[in-house]
*Asks:* 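Submitted below is the structure of interest, expressed as structure tokens.
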Amino acid sequence: MKESMWGYWIIILGIAILSVMMLLQNYSTTDEQSFFLTKENLSSAMRESIDYGYYADTLPVVTTENYDKPVDAKFKINREKLIENFIRRFAETVDINKTYTINFYYISEMPPAASVEILAYANSSSFAGTGELQVSSSSRFTGILYTTEQYKPSGS
């Protein structure tokens with residue numbers, strides 16, 4: 001009788017450990033995915049939303065006196081284009097089994113900066129009969145677009 005009770009307890013303990021492992025694995029995968037998705041998508045969306053017309057307008061006229069000097073032009077991003085590109089890129093790479101909420105907190109067109117938060121909700125699961133348990137993770141990023149290279153006109 002004692003040996004059979006030990007067998008039952010080991011089986012129950014194994015089921016409990018597997019349940020906790022599956023719950024934590026689903027949460028950690030969600031956190032890691034949303035971290036890298038947010039980071040890469042914000043960087044790419046900011047590069048895609050540069051207003052090159054404004055950039056070209058801020059370039060000074062190149063003359064023979066300032067031909068060899070570095071040119072200081074200013075970057076400007078388009079706010080609507082940034083949001084559109086970010087959501088499009090995020091939707092293409094996201095896991096369909098999870099629920100996401102995207103919050104844009106701060107978008108500055110000049111200087112180009114944006115703050116975004118992704119709330120990712122893992123699959124709902126019933127754990128130990130306590131009802132539905134929904135695990136969420138949050139990733140918040142602020143991106144600033146800049147360059148360290150000096151622009152020189154072609155031919156130099």
Side-chain angles (χ1 to χ4, degrees), residues 16-128 130-156:
I17 289 173
L18 284 175
S19 300
V20 170
M21 283 177 46
M22 288 175 28
L23 180 71
L24 292 178
Q25 186 269 339
N26 195 8
Y27 174 71
S28 64
T29 302
T30 300
D31 191 39
E32 184 177 352
Q33 285 173 347
S34 63
F35 175 82
F36 286 110
L37 281 175
T38 307
K39 179 181 174 184
E40 293 300 321
N41 288 335
L42 182 61
S43 172
S44 299
M46 286 185 76
R47 277 190 241 115
E48 285 182 356
S49 64
I50 294 174
D51 186 359
Y52 287 106
Y54 180 81
Y55 181 76
D57 289 342
T58 59
L59 288 173
V61 176
V62 178
T63 62
T64 55
E65 290 84 29
N66 66 358
Y67 186 75
D68 291 335
K69 296 179 182 173
V71 176
D72 291 327
K74 295 185 167 84
F75 282 128
K76 180 179 177 184
I77 60 173
N78 187 341
R79 176 178 300 179
E80 289 82 18
K81 198 171 182 183
L82 172 74
I83 294 171
E84 176 186 338
N85 286 331
F86 183 83
I87 291 175
R88 177 185 51 83
R89 287 177 163 276
F90 194 79
E92 289 174 355
T93 55
V94 78
D95 185 10
I96 198 166
N97 294 329
K98 295 179 178 38
T99 304
Y100 294 92
T101 303
I102 301 172
N103 297 319
F104 288 95
Y105 285 105
Y106 176 73
I107 298 176
S108 172
E109 291 183 346
M110 195 173 111
S115 292
V116 64
E117 178 185 38
I118 302 294
L119 296 171
Y121 298 99
N123 296 335
S124 299
S125 62
S126 181
F127 184 71
T130 58
E132 294 296 317
L133 176 66
Q134 194 165 19
V135 180
S136 68
S137 67
S138 172
S139 296
R140 183 179 280 188
F141 282 94
T142 299
I144 301 170
L145 187 64
Y146 70 95
T147 182
T148 58
E149 296 181 22
Q150 295 291 331
Y151 175 78
K152 285 199 164 195
S154 62
S156 60

*Asks:* Heavy atoms only: give me the nearest I102-I87 pair and the separation to one decimal.
*Replies:*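 What the structure gives for the nearest pair is CD1-CG1, 4.3 Å.
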*Asks:* Measuring from K81:NZ to R88:CZ, what's the distance to the nearest 0.5 Å?
*Replies:*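 Rounded to the nearest 0.5 Å, the NZ-CZ separation comes out at 10.0 Å.
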*Asks:* Is any side-chain heavy atom of I83 less than 4.5 Å from a side-chain heavy atom of I107?
*Replies:*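 Touching, per the 4.5 Å side-chain cut-off.
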*Asks:* Does T101 have any side-chain contact (heavy atoms from CB on, under 4.5 Å) partners at least two apart in sequence or in another chain, and if so, which?
*Replies:*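 So T101 forms a side-chain contact (heavy atoms from CB on, under 4.5 Å) with N103, L119, Y121.
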*Asks:* To the nearest 0.5 Å, how far apart are CG in N78 and CD in E109?
*Replies:*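 If we round to the nearest 0.5 Å, N78:CG and E109:CD are 6.0 Å apart.
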*Asks:* Output the distance between atom CG (L42) and atom CG (L37), rounded to the nearest 0.5 Å.
*Replies:*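 Spacing of CG (L42) from CG (L37) equals 12.0 Å.
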*Asks:* What pair of heavy atoms forms the shortest contact from R89 to N41, and how long is it?
*Replies:*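 Scanning both residues completely, I find the closest heavy atoms to be CB-OD1, 3.6 Å.
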*Asks:* Hey, are the side chains of Y106 and T142 touching, using non-hydrogen atoms and a 4.5 Å cut-off?
*Replies:*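 Sidechains of T142 and Y106: no contact.
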*Asks:* Starting at OG of S43, measure out to CD1 of I144 and round the result to the nearest 0.5 Å.
*Replies:*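 With rounding to 0.5 Å, OG (S43) is 12.5 Å from CD1 (I144).
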*Asks:* If I take atom CD1 from residue I77 and atom CG from residue L145, how far apart are they, to the nearest 0.5 angstrom?
*Replies:*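 If I round to the nearest 0.5 Å, the distance is 7.0 Å.
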*Asks:* Over all heavy atoms of both residues, which pair between F75 and M110 is shortest? Give the atoms and the distance, please.
*Replies:*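 The answer is O-CG, 3.5 Å.
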*Asks:* Quick one: closest heavy-atom pair of F86 and T38, and the distance?
*Replies:*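 Closest heavy-atom pair between F86 and T38: CE1-O, 4.0 Å.
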*Asks:* Mind checking the OG-CD spacing from S49 to E80? Nearest 0.5 Å is all I need.
*Replies:*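 Nearest 0.5 Å value for the OG-CD distance: 10.5 Å.
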